[in-house]
There are 2 protein chains.
Amino acid sequence: MTYEFDDFDKAILRTLQKDASLSMDDLSERVHLSRNACWRRVKQLEQSGVVRGRVALIDARKVGMPLTAFVLIRTDQHDSAWNQNFQKALSGLPEVQSAHRMTGDLDYVLRVRLADIADYDRFYQRLVSKISISDISASFVMDDLIDTTEVPIL
Amino acid sequence: MTYEFDDFDKAILRTLQKDASLSMDDLSERVHLSRNACWRRVKQLEQSGVVRGRVALIDARKVGMPLTAFVLIRTDQHDSAWNQNFQKALSGLPEVQSAHRMTGDLDYVLRVRLADIADYDRFYQRLVSKISISDISASFVMDDLIDTTEVPIL
DNA sequence: GGTGAAAGACATCCCAC
DNA sequence: GTGGGATGTCTTTCACC
């Protein structure tokens, strides 16, 4: 379900997804609304689930996880049992930041946070010990040009 | 640079990257620290940049951007001028949530947020009008098994 | 949509231990 | 590290235009 947002709602969303540490006063000033009107809209956006939550973003390098890998996975078992087993296997692997079932000839893509290449091998061993995968390959991030959680709000 | 964290710091980071809307009182209770000690650590983690910031996460479906695409890009111009032009081209495309230069035979991976497949075509046209790309292909997300901003803190 | 006011919660920063 | 406490700010909810 999609909602209809006016320019105030959009401005609030755009601002909060860049910086959720703003006080209501600051936020209301930036979006050109009174504090009360702004507060009412923020609460409504939170209650309706448009704002899924607020989180702290952590510098992965500073906590010893500088390496990002994209792991491309193919399976030869295209049934829901395999998918469920796969999901269960992933839930025990905190390094996995995202896991998507895809269109096209690659079946799944994972984004994985790691300490180093040796850490990838440990991750790989743990994953393949949990579930049978017909084809798996990894590619590592050398450089981030862009990396944001922001959703485009047009 | 990597820091040394004790179990309290780790608990704070793990908690805040799940939910940054907690009050200091709630946070300190969860990590089993006094309010004061907890407050000092949070401030220090913010000041040192381990906590990069706090953001609101927005439900992309509810703002009309339900489709995620991974765009795989190859270039035949492996020089820094192309990389800079590419970065400049991307900065004008708010749909791009992340863009990484990769190891291996695919040169760049983009994660792009879109309204629908027709929107991808518009995105594609705008991108190739800005920069020459020797090979580009897209794969679309059918299903998210996992999608989090959390960094594993071990 | 806007104002202002008021109660309480919360963050902030002391201090002493 | 802990706790108490003073201070001011921010949130939240009113009633009302």
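All values reported here derive from a predicted model rather than from experimental measurement. To find a chain, count down the sequence lines: A is the first, B the second, and so on, and within it residues start at 1.
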* Are the charged groups of Arg41(B) and Asp9(B) less than 4.0 angstrom apart, N to O? ->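 Asp9(B) and Arg41(B): salt-bridged.
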* Asked: Of all residues at least two apart in sequence or in a different chain, which pass the side chain to side chain donor-acceptor pair (under 3.5 Å) check with Ser98(A)?
  ->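 With neighbours one apart ignored, the set is His100(A).
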* Using the test side chain to side chain donor-acceptor pair (under 3.5 Å), find all partners of Asp59(B) that sit at least two apart in sequence or belong to another chain. =>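 If we apply the side chain to side chain donor-acceptor pair (under 3.5 Å) test to Asp59(B), skipping adjacent residues, there are no hits.
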* Who passes ring pair (Phe, Tyr, Trp, His ring centres under 6.0 Å) against Phe86(A), sequence neighbours left out? ->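 Checked Phe86(A) against ring pair (Phe, Tyr, Trp, His ring centres under 6.0 Å); matches are Trp82(A), Tyr108(A).
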* Which pairs, with at least one residue in residues 19-52 of chain B and sequence neighbours excluded, count as a ring pair (Phe, Tyr, Trp, His ring centres under 6.0 Å)? ->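 Output for this query is empty, none listed.
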* **Close approaches to DNA chain D from residues 9-34 of chain B, in residue order (heavy atom, under 4.0 Å)** =>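 Within this stretch, Leu33(B), Ser34(B) sit under 4.0 Å of the strand.
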* Residues touching DNA chain D, which here means a heavy atom under 4.0 Å, drawn from residues 38-45 of chain B ->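 Those residues whose heavy atoms fall under 4.0 Å from DNA chain D, taken from residues 38-45 of chain B in numerical order, are Arg40(B), Arg41(B).
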Going by salt bridge (charged side-chain N to carboxylate O under 4.0 Å, His left out), name the residues that satisfy it together with [X], two or more places apart in sequence or in a different chain.
X         : value
Arg122(A) : Asp119(A)
Glu46(B)  : Lys43(B), Arg54(B)
Asp105(A) : Arg74(A)
Asp121(A) : none

Compile the donor-acceptor pairs under 3.5 Å between side chains in residues 147-154 of chain B and protein atoms, sequence neighbours left out, one pair per line.
residue	atom	partner	partner atom	Å
Asp147(B)	OD2	Arg111(B)	NH2	3.2
Thr148(B)	OG1	Glu150(B)	N	3.0
Glu150(B)	OE1	Lys18(B)	NZ	2.8

* To the nearest Å, give me how far apart CZ (Arg35(B)) and P (dG5(D)) are. =>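 These atoms are roughly 11 Å apart.
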* Check every nucleotide of DNA chain C for an atom under 4.0 Å from a heavy-atom of chain A, then give the first and the last such nucleotide from 5' to 3'. =>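 Going 5' to 3' along DNA chain C, contacts run dG1(C) to dG4(C).
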* Specify the residue among Asn36(B) and Phe8(B) whose closest nucleotide of DNA chain D lies further upstream toward the 5′ end. =>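 It is Phe8(B) whose nearest nucleotide is closer to the 5' end.
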